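Just below is one structure, and these are the notes that go with it.
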Amino acid sequence: MGSEPQQLTLTDMSETTGKAAAEKRIEELRRKLDRHNYLYYVLDRPEITDPEYDMLYRELVSLEERHPELITPGSPTQRIGAAPVKEFQSVRHPSRMYSLDNVFDENELKAWEERLYRQSDATPGTIDYVAELKIDGLAVSLIYENGKLVRGATRGDGMTGEDITSNIRTINSIPMSLPTPGAPGRPGDIPRRMEVRGEVFMPVESFLKLNEEQQLKGEKEFANPRNAGAGTVRQLDPRITASRNLDAFFYSLSILEGPGERVPRTQWESLELLSDLGFKINPGRAHCKDLNAVLDFIRHWDTHRKDLNFATDGAVIKVNSLGLQDVLGYTAKSPRWAAAWKYPPEIRETRVIEIEHSVGRTGVITPVAIMEPVNLSGTTVQRASLHNFDELEAKDVRKGDTVKVHKAAEIIPEVLEVVLSKRPSDARRELRPETCPICGTPTTKIGDEVALRCPNRTGCPAQQRNRLEHWVSKSAMDIDGIGPSLLEQLLDKGLVSSPADLYRLTMDDFMGLERMGEKSAENAVKAIEASKTRPLSSLINALGIRHVGKETAILLANAFPGIDELAEATLEKLTEIEGVGPQVAESIQVYFADLEHRNLIHELKELGVNTVQQPSAEDESIPKIFEGQTFVLTGTLPTLKRAEAEALIRKRGGKTSGSVSKKTDFVLAGEEAGSKYVKAQELGVKIISEEEFLSMIS
């Protein structure tokens with residue numbers, strides 16, 4: 001989490017330590033971890049290193065495993081791994097969440113200000129403003145009671161939204177608890193009950209990575225970060241939300257019960273209080289003394305917003321005085337005291353020189369428009385993906401066409417439309433390739449997929465290169481320093497053809513390459529060696545199984561102790577995993593049914609690559625009281641999530657199954673237990689409650 005190490009030691013707390021002492025230490029650890037999360041994710045000013053943070057986190061996990069009755073929803077350990085929900089419940093907001101009226105030029109903004117003075121009788125020249133960049137995200141409402149996050153909801157129709165609390169908890173920059181008495185920098189007594197409103201969004205970097213995964217899986221890419229963020233916030237499985245690295249900025253605070261020591265009188269004071277309470281606020285903000293200062297803010301960010309790691313399409317201008325806001329009130333759909341300035345979209349015309357057919361690591365062939373260079377939103381653009389051949393045909397883009405292009409959400413170059421009046425008379429419709437443009441293999445489509453593919457997985461040089469690039473990438477085996485140019489040389493010299501070949505390379509192999517000295521060669525060999533110890537989820541992702549990306553790889557690694565068990569898993573076992581559907585399960589089985597893939601796994605094992613879920617030191621110390629025993633879970637448990645219960649069983653040597661048989665040792669049953677409960681009764685399998693289960697492991 002940083003670069004300045006501190007001496008931290010794990011507390012040696014034996015099994016006989018009293019519950020009171022454990023509870024005290026748990027609270028202490030939670031306070032420390034909350035503080036370091038705030039420093040890292042909100043202020044970007046870490047005070048301890050990642051390993052030091054991990055030590056504190058592992059100690060908390062260990063204590064909570066020994067005392068599951070002390071686990072609370074606000075614990076830092078509960079940010080990731082919550083069980084999926086069946087559906088979102090509707091919740092009513094404390095007050096309506098309004099939308100904003102838009103203004104598009106200076107005249108409209110000045111007319112808005114004139115209305116403010118008319119409707120409030122304020123003395124001309126006395127109204128000041130707060131301007132903030134408008135985040136292209138999803139509006140949310142958070143409720144805190146006694147300093148604890150108890151609910152997160154979408155805007156919905158303004159009056160009611162969807163309860164997305166489990167997903168909100170996965171966003172690291174959102175505090176699950178507010179500063180407690182005695183905490184450093186504490187802003188005074190906080191209200192007993194308060195509402196905080198803000199915008200959840202997907203950072204540009206996260207958006208680009210997600211779309212890259214979507215493309216490689218042959219699935220539809222997201223149009224912009226807002227769509228991707230909105231879809232992520234509404235995932236039924238919070239583990240998927242957690243893996244996509246969302247962020248949030250907050251802009252308003254309402255006291256619902258108990259005034260607290262600081263009651264903001266202005267919008268600017270509200271932002272300052274939110275920041276002091278640990279909320280992340282928009283870095284693009286300004287207190288503006290008049291409308292001219294607001295216009296200066298808008299002009300400044302029209303240029304500089306292109307360098308940000310979040311999408312913004314304008315600015316929000318609010319009357320600073322909260323008292324004056326009350327006087328101005330609302331129309332039927334929006335506050336009179338606020339307006340949203342929308343930047344005009346930047347659209348340019350350019351000519352298509354060529355339509356290239358790009359082949360990815362999974363064989364997906366993507367049409368790409370190669371264009372005459374054009375300056376767009378601050379950068380020179382020459383390429384724009386047309387995503388798939390269905391879209392290419394719908395837009396009817398042809399070589400030689402003049403097209404209108406823009407950057408979707410100021411990020412992704414996109415062809416909007418063809419200027420038909422400028423189409424050359426000899427322009428020919430682009431046909432779907434019948435053979436791979438790289439290796440000449442006849443192309444194919446799988447089922448209802450829109451993607452056109454080259455099926456020559458092993459013999460296509462483009463797939464081979466892209467597969468290796470994926471293998472060494474940060475989200476997979478994270479082999480630092482082995483980039484595309486170095487892989488190109490290794491492939492050209494015939495030194496590698498599969499991921500296993502990387503682990504056979506020597507210093508001499510690297511020193512025979514261009515611009516590789518002894519030190520560089522040594523670093524490359526060390527980086528490859530270090531990748532052998534990556535977690536199981538990294539290996540699963542690196543394999544490039546169709547429909548299995550980083551998120552699904554994490555789910556699979558948590559469900560199976562090793563790659564062998566995953567390879568032998570039945571469709572039934574795979575689809576029992578929350579977040580793994582029939583299509584993904586079938587794709588996993590197809591992958592491991594291929595002899596070449598099984599041989600690759602065998603080679604990797606022989607070469608020392610980790611293929612199992614490595615237990616932590618805490619896991620190793622837990623008695624294996626369930627060794628050789630099989631559990632089946634059914635129904636909803638009172639306090640434990642299904643994933644938590646399964647983890648507790650596995651750490652004690654037991655296994656879990658999705659179906660009841662004579663070989664089942666225990667059925668752990670909660671509320672609304674169904675057919676598995678009945679089957680257990682028929683077979684005489686022992687049925688236990690959560691209370692009995694916790695007693696067994698205590």
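All values reported here derive from a predicted model rather than from experimental measurement. Numbers for residues simply follow the sequence, beginning at 1.
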Nearest heavy atoms of [X] and [Y], plus distance in Å:
{"X": "C460", "Y": "C436", "result": "SG-SG, 3.9 Å"}
{"X": "L607", "Y": "A500", "result": "CD1-O, 3.4 Å"}
{"X": "V200", "Y": "I168", "result": "CG2-CD1, 4.2 Å"}
{"X": "L138", "Y": "R226", "result": "CD1-NH2, 4.1 Å"}
{"X": "M516", "Y": "F510", "result": "CB-O, 3.2 Å"}
{"X": "L495", "Y": "D501", "result": "O-CB, 3.9 Å"}

Could you tell me whether a side-chain N or O of [X] sits under 3.5 Å from a main-chain N or O of [Y], the two making a donor and an acceptor?
{"X": "T443", "Y": "E434", "answer": "yes"}
{"X": "N541", "Y": "S475", "answer": "yes"}
{"X": "N167", "Y": "V233", "answer": "yes"}
{"X": "D594", "Y": "Y591", "answer": "no"}
{"X": "E372", "Y": "T350", "answer": "no"}
{"X": "R534", "Y": "A476", "answer": "no"}
{"X": "E349", "Y": "T402", "answer": "no"}
{"X": "S587", "Y": "R546", "answer": "yes"}
{"X": "E356", "Y": "R383", "answer": "no"}
{"X": "E522", "Y": "G517", "answer": "no"}

For this session: Scan side-chain atoms only and decide if T312 and Y343 contain a donor-acceptor pair under the 3.5 Å cut-off.
Result: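 The answer is no; no qualifying pair exists.
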Exercise. Is it true that the side chains of D509 and T506 contain a donor and an acceptor less than 3.5 Å apart?
Worked result: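 Note: D509 and T506 side chains meet the donor-acceptor criterion.
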Does the side chain of [Y] come within less than 4.5 Å of [X]'s, by heavy atoms?
{"X": "R244", "Y": "Q235", "value": "yes"}
{"X": "L566", "Y": "L574", "value": "yes"}
{"X": "V405", "Y": "P413", "value": "no"}
{"X": "P499", "Y": "R467", "value": "no"}
{"X": "D247", "Y": "N309", "value": "no"}
{"X": "R398", "Y": "V418", "value": "no"}
{"X": "L604", "Y": "I563", "value": "no"}
{"X": "K422", "Y": "R351", "value": "no"}

If I take atom [atom1] from residue [X] and atom [atom2] from residue [Y], how far apart are they, to the nearest 0.5 angstrom?
{"X": "N245", "Y": "F207", "atom1": "CG", "atom2": "CZ", "result": "14.5 Å"}
{"X": "N227", "Y": "D136", "atom1": "CG", "atom2": "CG", "result": "8.5 Å"}
{"X": "W471", "Y": "I482", "atom1": "CH2", "atom2": "CD1", "result": "14.0 Å"}
{"X": "T552", "Y": "H547", "atom1": "OG1", "atom2": "NE2", "result": "10.0 Å"}
{"X": "L502", "Y": "L487", "atom1": "CG", "atom2": "CG", "result": "6.5 Å"}
{"X": "D426", "Y": "K399", "atom1": "CG", "atom2": "NZ", "result": "9.5 Å"}

For this session: Check step by step if side-chain contact (heavy atoms from CB on, under 4.5 Å) holds for L556 and I588.
Result: CA-CA 10 Å; L556 295 171; I588 293 167; 3.7 Å; yes
Tell me if the [atom1] atom of [X] is crowded by more than 12 foreign heavy atoms within 6.0 Å.
{"X": "E586", "atom1": "CD", "value": "no"}
{"X": "K404", "atom1": "NZ", "value": "no"}
{"X": "K532", "atom1": "NZ", "value": "yes"}

Considering only NZ, NE, NH1 and NH2 on the basic side and carboxylate oxygens on the acidic side, decide whether [X] and [Y] come within less than 4.0 Å.
{"X": "R598", "Y": "D564", "value": "no"}
{"X": "K573", "Y": "E565", "value": "no"}
{"X": "K395", "Y": "D401", "value": "no"}

Exercise. Are V496 and L491 close enough, and set up right, to give a side-chain contact (heavy atoms from CB on, under 4.5 Å), and what steps lead you there?
Worked result: CA-CA 6 Å; V496 297; L491 284 162; 4.1 Å; yes
For this session: Any chance you could lay out the side-chain contact (heavy atoms from CB on, under 4.5 Å) test for N610 and T533, step after step, and finish with the verdict?
Result: CA-CA 5 Å; N610 172 54; T533 62; 5.6 Å; no
Problem set entry | Step-by-step salt bridge (charged side-chain N to carboxylate O under 4.0 Å, His left out) determination, E596 to R457 | CA-CA 11 Å; E596 181 194 344; R457 179 177 168 83; 5.6 Å; no
Exercise. Excluding sequence neighbours, so at least two apart, what forms side-chain hydrogen bond (donor to acceptor under 3.5 Å, both in side chains) with E430?
Worked result: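 In terms of side-chain hydrogen bond (donor to acceptor under 3.5 Å, both in side chains), with neighbours along the sequence ignored, E430 is linked to H357.
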For this session: Run the numbers on H470 and S473 for side-chain contact (heavy atoms from CB on, under 4.5 Å), then give the verdict.
Result: CA-CA 5 Å; H470 172 66; S473 68; 4.0 Å; yes
For this session: Can you sort out the partners of K474 under side chain to side chain contact (heavy atoms under 4.5 Å, CB included), two or more places apart, ordered by chain and number?
Result: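 Scan of K474 (side chain to side chain contact (heavy atoms under 4.5 Å, CB included), adjacent residues dropped) gives D478.
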